[in-house]
Amino acid sequence: MLVAGGGPGGICAAVAAARAGARTLLVERYGFLGGIATAGWVDLLLGIAPARTGEMVVGGIFREIVDEMAALGCARPFDEGIAKGRIPFEPEAFKLVADTMVLGSGADLLLHSVVSDAIVEGDRLQAVVLEGKSGAHAVEAGVFVDATGDADVVARSGARWEMGRPADGRVQAMSLIPQMGGLNLDRVPTRGGGASENAQALMREAMLAGLPAYRWHTPERSPDERQDALSFNVTHLSGDPTDVRDLTRAEVKGRRDAWEIACWMRETVPGMERSHLQLTAHMVGVRESRRMVGLETVSGDDVLASRKRPDTIARCTFGLDVHCPMAHTGPEAVEVGGVACRRSCGKRDCHMLTQHLDEVPAHGAAADRSWYDIPWGALVSADLRNLATCGRSVSADHRAMASLRVMGPAMATGQAAGQGAAMAAASGDLTQVDVTELQRRLREAGAAV
Ligand SMILES: Cc1cc2nc3c(=O)[nH]c(=O)nc-3n(C[C@H](O)[C@H](O)[C@H](O)COP(=O)(O)OP(=O)(O)OC[C@H]3O[C@@H](n4cnc5c(N)ncnc54)[C@H](O)[C@@H]3O)c2cc1C
């Protein structure tokens with residue numbers, strides 16, 4: 001089987017499939033694994049909080065990766081992280097652990113390989129075309145998992161997908177994450193460390209004067225006590241992440257905005273007087289892109305109702321976090337009064353509030369603070385029998401994707417996709433997987449199902 005894309009979802013899919021005995025190839029366009037966790041420098045695992053009952057929502061390979069990073073001193077230990085509902089980690093450690101786990105599982109790995117095309121016969125995907133320094137070549141497989149985050153394989157193969165909100169097709173804002181080095185960590189406001197209200201007030205004032213940030217972001221303290229650097233989720237960029245012109249504009253604007261914000265931080269924020277912009281992420285972080293049309297679809301109402309399903313293969317607990325596609329920064333972001341597209345938004349003349357109120361969440365989280373289930377059918381293409389997906393392109397509506405896009409569920413759906421694909425290796429038919437048996441194998445492997 002072939003897994004396209006080595007982000008949090010694809011890593012777990014490849015490891016699960018190879019451990020289950022399937023001959024597995026993982027291909028990734030960059031020279032390292034990790035996707036948004038490493039290329040996007042997003043260093044916090046979310047979507048993992050225990051339900052009010054104390055029940056686990058994610059375990060399995062997710063837990064193994066956290067344990068390995070924690071052993072290096074580079075992630076908050078699993079139990080502590082679950083209790084707090086968030087696990088900060090070091091992206092470089094994620095890369096290292098991902099390499100070790102993927103190769104240790106017996107999967108084959110090809111880096112610097114972009115999936116550029118797909119070859120389809122009837123209702124089966126026969127091969128994908130890989131492009132890289134070695135040229136272009138087709139790779140056949142019996143089963144495929146599209147873990148590209150953008151559903152590139154789905155799109156190239158002609159299977160159905162959707163993108164954006166129904167009202168105008170726009171997707172959530174992207175962000176280019178800057179990392180600041182040279183910090184005095186005793187003084188920089190960090191989560192749980194106090195004094196962030198002051199930084200928030202300073203940032204608000206600067207945004208009103210035109211600073212192109214969308215909010216003050218209070219980072220978690222780095223789990224690696226040797227580090228004097230932190231990343232800040234502060235830029236907001238609009239555009240279509242499947243259009244290279246929009247991506248180019250976002251990268252260029254993101255770097256300029258990050259530089260301006262870094263200069264402001266150095267001049268203004270306590271503990272950042274000797275800081276410098278150490279890096280901007282390798283790529284602009286994409287929150288939302290294509291979503292595959294699957295046999296089943298998770299809806300925003302399922303999220304808010306904490307819907308449980310008999311055919312579940314993963315759980316998720318995270319609210320409807322729709323970063324406004326208009327990507328307001330500066331005074332406009334202050335007017336909006338928050339990150340998420342909500343009915344309480346201060347921009348009362350927005351077309352979403354005046355014409356499409358039914359699409360705008362009144363609130364973000366399920367009232368019972370429980371989890372909702374992701375069914376196996378949401379991972380299986382409605383058009384091609386041997387194509388599955390995981391992570392942020394599973395079959396969901398725009399609102400539900402704003403919840404299940406985070407890394408906890410991305411890794412849980414990755415593990416399920418890999419395990420299920422291995423079960424379908426002989427038949428090449430993902431629609432015939434015995435879901436009860438899949439659930440049993442996932443539980444045996446430590447997953448929370
Ligand atoms: C700015 C930002 C902040 C976020 N904050 C958080 C947070 O705090 N906590 C959290 O849990 N989640 C957060 N998220 C969400 C989360 O990081 C992602 O949704 C998650 O990484 C999705 O995992 P994935 O494996 O589905 O996709 P990705 O992480 O996007 O991985 C896809 C992989 O496929 C590769 N790829 C893409 N196209 C091709 C191709 N054609 N051929 C070969 N390889 C390809 C990519 O290089 C990448 O490695 C954030 C996202 C963004 C953008």
Side-chain angles (χ1 to χ4, degrees), residues 2-14 25-49 58 62 81 85-89 91 94-95 98 110-118 128-132 139 145-156 171-178 191 214 217 219-220 231-237 241-242 250 254 281-292 316 318 321 323 327 339 389-394 401-414 417:
L2 186 142
V3 180
I11 292 164
C12 294
L25 172 64
L26 173 62
V27 300
E28 163 57 42
R29 68 175 157 171
Y30 293 142
F32 53 88
L33 296 172
I36 303 287
T38 57
W41 218 261
V42 168
D43 54 4
L44 183 66
L45 299 166
L46 294 176
I48 61 168
V58 64
F62 172 93
R86 24 204 312 133
I87 302 184
F89 64 93
F94 197 102
K95 291 182 192 169
L110 262 189
L111 299 174
H112 294 291
S113 301
V114 179
V115 174
S116 64
D117 209 349
V128 291
V129 176
L130 301 184
E131 306 241 9
V139 181
V145 177
D146 182 345
T148 61
D150 297 317
D152 278 1
V153 180
V154 172
R156 302 284 181 270
V171 294
Q172 293 191 43
M174 303 179 268
S175 295
L176 184 70
I177 305 275
R191 208 178 157 89
Y214 77 96
H217 169 237
E220 292 276 346
S231 0
F232 292 83
N233 187 342
V234 281
T235 69
H236 246 188
L237 305 148
T242 63
H282 306 294
M283 64 167 281
V284 63
V286 174
R287 289 190 174 83
E288 183 186 2
S289 186
R290 300 185 192 98
R291 311 180 305 266
M292 185 185 75
C316 177
F318 198 70
D321 188 22
H323 281 242
V339 173
T389 188
C390 59
R392 63 185 169 84
S393 40
V394 305
M401 184 49 61
S403 163
L404 56 76
R405 67 188 175 82
V406 289
M407 290 190 265
M411 292 163 88
T413 53

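All heavy atoms count here, side chains included; hydrogens, waters and symmetry mates do not. Counting starts at 1 for both ligands and their atoms, following the listed order. Throughout, numbering of the chain's residues begins at 1 and tracks the sequence.
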If only atom types and distance count, is the side chain of Thr389 paired as donor or acceptor with the main-chain N or O of Val394 below 3.5 Å?
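The answer is no, because no donor-acceptor pair under 3.5 Å joins these two groups.
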Quick check for you: to the nearest 0.5 Å, what is the distance between His236 atom NE2 and Tyr214 atom OH?
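These two atoms lie 4.0 Å from each other.
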Once rounded to the nearest 0.5 Å, what's the spacing between atom CE of Met292 and atom OG of Ser393?
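So the CE of Met292 and the OG of Ser393 are separated by 7.5 Å.
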Any Lys/Arg nitrogen of Arg287 or Asp321 sitting under 4.0 Å from an Asp/Glu carboxylate oxygen of the other?
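Asp321 and Arg287: not salt-bridged.
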With a 4.0 angstrom cut-off on heavy atoms, strictly below it, pick out the residues next to ligand 1 and order them by chain and number.
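Lining ligand 1 at under 4.0 Å, by heavy atoms, one finds Gly5, Gly6, Gly7, Pro8, Gly9, Glu28, Arg29, Tyr30, Gly35, Ile36, Val42, Leu44, Leu45, Leu46, Ser113, Val114, Val115, Ala147, Thr148, Gly149, Asp152, Ser175, Asn233, Gly285, Val286, Arg287, Gly391, Arg392, Arg405, Val406, Met407, Ala410.
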So Trp41 and His282, would you call those rings parallel, tilted or perpendicular, with 30° and 60° as cut-offs?
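Ring orientation of Trp41 relative to His282: perpendicular.
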Taking ring pair (Phe, Tyr, Trp, His ring centres under 6.0 Å) as the criterion, tell me which of Phe62, Phe89, Phe32 meets it with Phe94.
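Exactly one pass, corresponding to Phe89.
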